[in-house]
Amino acid sequence: MLVALTFPLAACSQPTPASSMMATVPTPSVSAYAYETPVAKPTPPPPSLPARPVTTPTKLIEQVVIARYKQQGLEITPAEWQSLSSAICDDLAAGGTGRLLSDVSKAATATIQQEIADLNVDGATLSGCLDLKPKLPTGVYSTSDLRDDLPRLTWVAYMSDEIEYSRLLTSYIEAVGEYGRRYDVDVSDLLASVPGSGGGGYSTVCADGWVSSSGGKQGACSHHGGLR
């Protein structure tokens with residue numbers, strides 16, 4: 001006799017349709033795979049042509065006065081000299097002798113004080129407080145050589161300014177060349193604007209101290225150890 005065997009069927013879930021599975025996968029946005037377009041950086045401005053240094057007579061006198069104080073073993077700052085010079089001018093305008101001493105010189109010997117007083121009067125008057133009075137007022141005297149030495153000092157200051165300007169121009173030319181190479185820019189107009197570039201060049205100082213008039217040109221100091 002045949003016996004029919006029956007087995008309980010386990011509950012099975014129906015397979016998820018492929019279309020349903022695809023629906024559960026997040027669709028990537030286009031921006032997730034898009035590359036940002038690089039933004040071109042603007043070319044920075046070129047180096048600026050340096051200004052010519054100018055040592056004004058007032059600044060020159062200030063430097064000389066401070067240096068001569070140091071020769072006497074005294075120290076005076078630019079601010080202290082400017083204050084003293086203004087006080088001397090006010091004293092002269094009021095009819096005084098202008099022979100005022102700075103605080104640092106009051107402890108010096110009488111001889112040094114005399115020299116400093118002379119220097120102070122000359123320094124203040126040459127700085128411009130007596131624009132309408134080229135000579136010292138009656139009763140005001142001075143044995144300082146500052147007045148007589150001023151033309152020579154002015155020439156020295158002028159030459160110092162020229163040497164410094166040559167150095168600044170040399171640095172500018174080097175910076176312009178580097179600017180042109182780095183950013184692939186034509187810098188011929190910038191170099192043509194350098195003073196002296198259209199003629200014999202400008203003055204520049206060589207390594208051995210020689211002042212060449214061919215600054216900005218190749219080989220300007222080729223026989224003098226190169227540029228300083």
Side-chain angles (χ1 to χ4, degrees), residues 37-70 75-86 89 122-131 134 146-147 149-228:
T37 303
V39 179
K41 295 183 179 179
T43 302
S48 299
L49 185 66
R52 182 186 297 272
V54 177
T55 301
T56 63
T58 299
K59 188 64 177 179
L60 171 62
I61 293 168
E62 174 187 294
Q63 293 172 352
V64 174
V65 168
I66 291 176
R68 295 198 175 183
Y69 264 74
K70 287 184 177 180
E75 295 284 343
I76 185 171
T77 66
E80 289 172 338
W81 165 248
Q82 292 165 15
S83 177
L84 176 61
S85 178
S86 178
C89 291
D122 273 353
T125 54
L126 290 173
S127 294
C129 70
L130 291 180
D131 291 335
L146 179 60
R147 189 177 298 274
D149 208 21
L150 188 58
R152 182 188 68 82
L153 295 173
T154 302
W155 172 250
V156 171
Y158 169 78
M159 291 304 299
S160 297
D161 289 342
E162 286 297 294
I163 291 173
E164 174 62 13
Y165 190 42
S166 297
R167 187 191 67 79
L168 292 174
L169 289 179
T170 299
S171 299
Y172 170 75
I173 290 172
E174 293 174 352
V176 167
E178 176 61 24
Y179 173 83
R181 289 188 295 271
R182 175 175 297 182
Y183 300 105
D184 193 22
V185 175
D186 181 6
V187 295
S188 57
D189 288 343
L190 294 175
L191 294 176
S193 67
V194 176
S197 60
Y202 55 86
S203 298
T204 190
V205 183
C206 303
D208 62 356
W210 176 264
V211 179
S212 171
S213 61
S214 300
K217 293 187 175 183
Q218 186 175 2
C221 293
S222 58
H223 299 292
H224 298 277
L227 295 173
R228 174 174 291 183

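What you see below is based on every heavy atom in this structure, not just the backbone, and it leaves out hydrogens, waters and symmetry mates.
- No donor-acceptor pair under 3.5 Å is formed between the side chain of Tyr183 and the backbone N or O of Pro45.
- Here the closest non-hydrogen pair linking Gly180 and Val187 is CA-CG1, 3.7 Å.
- With contacts defined as side-chain heavy-atom distances shorter than 4.5 Å, the pair Ile66/Pro78 qualifies.
- Panel note: side chain Ser127, backbone Gly123; a donor-acceptor pair is recorded below 3.5 Å.
- How far CG of Leu126 is from CD of Glu62: 14.0 Å, rounded to the nearest 0.5 Å.
- Going from atom CG of Leu150 over to atom OG1 of Thr154 covers 4.0 Å, rounded to the nearest 0.5 Å.
- The OH atom of Tyr165 sits 11.0 Å away from the OG1 atom of Thr170 when rounded to the nearest 0.5 Å.
- Comment: Glu164 does not engage Arg52 in a salt bridge, judged by the lack of any side-chain N to carboxylate O separation of less than 4.0 angstrom.
- One finds no salt bridge joining Arg68 and Asp122 here, because no Lys/Arg side-chain nitrogen approaches an Asp/Glu carboxylate oxygen to under 4.0 Å.
- Leu169 CG to Arg167 CZ: the interatomic distance, rounded to the nearest 0.5 Å, is 10.0 Å.
- Side-chain atoms of Thr77 and Tyr69, non-hydrogen and from C-beta on, never get closer than 4.5 Å to each other.
- Nearest heavy atoms, Glu80 versus Glu75: OE1-O, 4.2 Å.
- By the side-chain contact (heavy atoms from CB on, under 4.5 Å) test, Ser83 pairs with no residue at all, sequence neighbours left out.
- In this structure, Leu190 and Leu49 have side chains that are not in contact, with every pair of non-hydrogen atoms separated by 4.5 Å or more.
- Between Pro44 and Tyr179, the closest heavy-atom pair is O-OH, 2.7 Å.
- Put simply, the side chain of Tyr158 does not reach to within 4.5 Å of the side chain of Asp161, judged on heavy atoms.
- The shortest distance between side-chain heavy atoms of Val156 and Ser160 falls below 4.5 Å.
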